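Notes follow once the structure below has been shown.
All figures in this text were calculated on a predicted structure; none of them were measured in a lab.
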Amino acid sequence: MLMPKKVKHRKWHKGRSRKRLVETRGTTVAYGTYGIQALESAWLDSKQIEAGRRAITRALKREGMVWIRVFPDKPITKKAAEVGMGKGKGAVDHYAFPVRPGRVIFEVGGGITEEHARAALRSASFKMPFRTRIISKV
């Protein structure tokens with residue numbers, strides 16, 4: 001699974017909810033021919049990114065190329081079960097990427113047909129915790 005080698009600070013602030021803000025960077029297909037774009041905001045876990053990547057590579061039967069356009073570098077902390085309040089912040093549990101509407105998550109390309117690409121990206125969209133749409137470069 002994806003995880004940073006090192007971060008500047010071990011535990012980050014949670015951040016403000018930015019549901020109404022639309023993404024300004026990474027909104028178009030840059031590397032491949034087809035891509036999957038987020039329509040809602042959420043935290044994308046490294047396990048969900050890996051599940052989407054595996055769904056795409058299995059649907060494409062290892063043909064073509066896959067690009068992952070997001071990287072989980074936000075540490076998410078969690079306290080153990082049945083632990084009382086107080087005593088500081090919990091340990092880092094996993095890493096996530098805060099997705100805003102408009103961000104391209106995955107791209108596929110490299111000599112595959114449109115039907116294969118759409119089927120692969122559709123199977124990956126079921127793994128995402130938000131609504132998505134399939135976009136193309138042309």
Side-chain angles (χ1 to χ4, degrees):
M1 276 180 283
L2 296 172
M3 125 186 319
K5 285 181 189 152
K6 127 180 154 176
V7 289
K8 187 172 183 180
H9 300 286
R10 193 165 52 98
K11 298 175 183 177
W12 291 5
H13 290 293
K14 192 174 289 191
R16 294 281 173 261
S17 174
R18 297 189 166 98
K19 292 191 182 230
R20 290 187 190 88
L21 288 181
V22 180
E23 189 65 71
T24 56
R25 300 176 299 165
T27 58
T28 59
V29 177
Y31 303 101
T33 313
Y34 300 96
I36 186 170
Q37 188 179 42
L39 297 177
E40 297 172 347
S41 59
W43 281 352
L44 193 59
D45 191 359
S46 57
K47 292 179 184 176
Q48 293 163 335
I49 295 171
E50 177 64 15
R53 185 199 64 79
R54 290 178 70 175
I56 290 173
T57 53
R58 285 183 178 163
L60 291 179
K61 298 187 172 106
R62 300 183 53 89
E63 295 175 357
M65 297 176 73
V66 180
W67 288 271
I68 304 171
R69 295 282 307 272
V70 294
F71 185 80
D73 60 346
K74 180 184 182 77
I76 308 297
T77 60
K78 198 174 260 188
K79 295 189 88 162
E82 298 184 17
V83 173
M85 302 296 282
K87 313 281 191 295
K89 192 169 184 174
V92 173
D93 184 52
H94 62 277
Y95 290 87
F97 180 82
V99 175
R100 293 196 291 191
R103 172 70 77 161
V104 175
I105 311 297
F106 294 105
E107 291 184 19
V108 294
I112 56 173
T113 62
E114 182 177 356
E115 299 85 45
H116 276 104
R118 287 194 178 273
L121 291 172
R122 190 169 188 279
S123 65
S125 70
F126 293 128
K127 310 292 183 190
M128 300 295 116
F130 41 76
R131 292 185 305 116
T132 60
R133 72 174 167 200
I134 297 170
I135 57 173
S136 64
K137 188 176 253 185
V138 288

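Rounded to the nearest 0.5 angstrom, Leu121 CG and Ile36 CD1 are separated by 5.5 Å.
Partners of Ala51 by side-chain contact (heavy atoms from CB on, under 4.5 Å), not counting sequence neighbours, listed by chain and number: Lys127. Partners of Trp67 under the side-chain contact (heavy atoms from CB on, under 4.5 Å) rule, at least two apart in sequence or in another chain, are Tyr31, Met65, Glu107. Taking the side-chain contact (heavy atoms from CB on, under 4.5 Å) definition, one finds that Thr27 meets it with Glu23, Gln37, sequence neighbours left out. Residues passing the side-chain hydrogen bond (donor to acceptor under 3.5 Å, both in side chains) test with Glu63, sequence neighbours excluded: none.
The side chain to side chain donor-acceptor pair (under 3.5 Å) pairs that include a residue from residues 116-126 are Thr113-His116, Glu114-Arg118, where partners are two or more places apart or lie in different chains. Within the structure, the salt bridge (charged side-chain N to carboxylate O under 4.0 Å, His left out) test picks out no pair touching residues 1-13 (sequence neighbours left out). The list of salt bridge (charged side-chain N to carboxylate O under 4.0 Å, His left out) pairs with a residue in residues 34-45, not counting sequence neighbours, reads Glu40-Arg131. Residue pairs satisfying the side chain to side chain donor-acceptor pair (under 3.5 Å) criterion with at least one member in residues 77-96, sequence neighbours excluded, are absent.
Clustering of Ile, Leu, Val, Met, Phe, Trp and Tyr side chains at separations under 4.5 Å places Val29 together with Val104, Ile135. Here Met1 sits alone; no ILVMFWY side chain lies under 4.5 Å from its own, so it joins no hydrophobic cluster.
Nearest heavy-atom pair across Pro75 and Asp73 is CD-O, 3.3 Å. Taking every heavy atom of both residues into account, Pro101 and Val22 meet most closely at O-CG1, 3.4 Å.
By the criterion of side-chain heavy atoms lying less than 4.5 angstrom apart, applied directly or through intervening Ile, Leu, Val, Met, Phe, Trp or Tyr residues, Leu2 is grouped together with Val70 in one hydrophobic cluster. No continuous path of ILVMFWY side-chain contacts below 4.5 Å connects Ile76 to Met128, so the two sit in separate hydrophobic clusters. When the side chains of ILVMFWY residues are joined at heavy-atom separations under 4.5 Å, either directly or via intervening members, Ile105 and Phe71 end up in a single hydrophobic cluster. Linking ILVMFWY side-chain heavy atoms closer than 4.5 Å, directly or via other members, places Trp43 and Ile49 in two distinct hydrophobic clusters.
Taking 4.5 Å as the limit, some side-chain heavy atom of Ile68 sits within range of a side-chain heavy atom of Phe106.
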side-chain contact (heavy atoms from CB on, under 4.5 Å) evaluation trace for Phe130 with Leu44: CA-CA 9 Å; Phe130 41 76; Leu44 193 59; 4.0 Å; yes
Scan the side chains in residues 55-62 for donor-acceptor partners under 3.5 Å anywhere in the protein, sequence neighbours excluded, and list what turns up.
residue: Thr57; atom: OG1; partner: Arg53; partner atom: O; Å: 3.1
residue: Thr57; atom: OG1; partner: Arg54; partner atom: O; Å: 3.0

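A donor-acceptor pair is defined here as one N or O able to donate and one able to accept, closer than 3.5 Å; no such pair exists between the side chain of Lys137 and the backbone of Thr28.
Tested against Phe97 for a side chain to side chain contact (heavy atoms under 4.5 Å, CB included), the candidates Arg103, Lys74, Arg69 yield a single pass: Arg103.
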